[in-house]
Amino acid sequence: MTGVADPKTDASAEGARARAHGRPKDSCRYAAGSPERRSWLEGYDGLPADRAPDQPPENG
């Protein structure tokens with residue numbers, strides 16, 4: 001471990017904290033199209049952008 005923070009993890013955690021504190025989604029400070037913004041939005045939404053939504057459970 002080098003002691004350098006992983007930007008993806010940090011931005012994702014920052015997005016999750018923003019949502020938990022009631023900040024709007026457009027409060028993201030990262031540039032549009034940047035990997036950090038994508039990560040921040042994933043954290044805010046609680047779902048990686050490249051993952052399909054979970055299917056609802058079968059009624060059964």
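Owing to the predicted nature of the structure, the values given are computational and were not obtained by experimental measurement.
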Closest non-hydrogen atom pair between Ala31 and Ser34, with its separation:
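The pair with the smallest heavy-atom distance is O-OG, 2.8 Å.
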
So, for Glu36 and Ala11, which heavy atoms are closest and what is the spacing to 0.1 Å?
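In this case the closest contact between Glu36 and Ala11 is O-CB, 3.5 Å.
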
Kindly say whether Ser39 contributes a backbone atom to a donor-acceptor pair with the side chain of Tyr30 at under 3.5 angstrom?
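Checking the backbone N and O of Ser39 against the side chain of Tyr30, no donor-acceptor pair under 3.5 Å is found.
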
Using a 3.5 Å distance criterion without hydrogens, assess whether the side chain of Arg19 forms a donor-acceptor pair with backbone atoms of Tyr44.
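A pair under 3.5 Å: yes.
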
Spacing of [atom1] belonging to [X] relative to [atom2] belonging to [Y], to within rounding of 0.5 Å:
X: Asp26; Y: Leu41; atom1: CG; atom2: CG; value: 10.5 Å
X: Arg37; Y: Cys28; atom1: CZ; atom2: SG; value: 4.5 Å
X: Ser12; Y: Arg17; atom1: OG; atom2: CZ; value: 9.5 Å

Are Glu14 and Arg29 ion-paired here, with the side-chain N under 4.0 Å from a carboxylate O?
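Judged by the 4.0 Å cut-off on N to carboxylate O distance, Glu14 and Arg29 do form a salt bridge.
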
Lys25 side chain near Asp45 side chain, heavy-atom distance below 4.5 Å
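Heavy-atom side-chain distance check passes, below 4.5 Å.
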
Contact between Trp40 and Ser27 at the side-chain level, heavy atoms closer than 4.5 Å - yes or no?
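Touching, per the 4.5 Å side-chain cut-off.
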
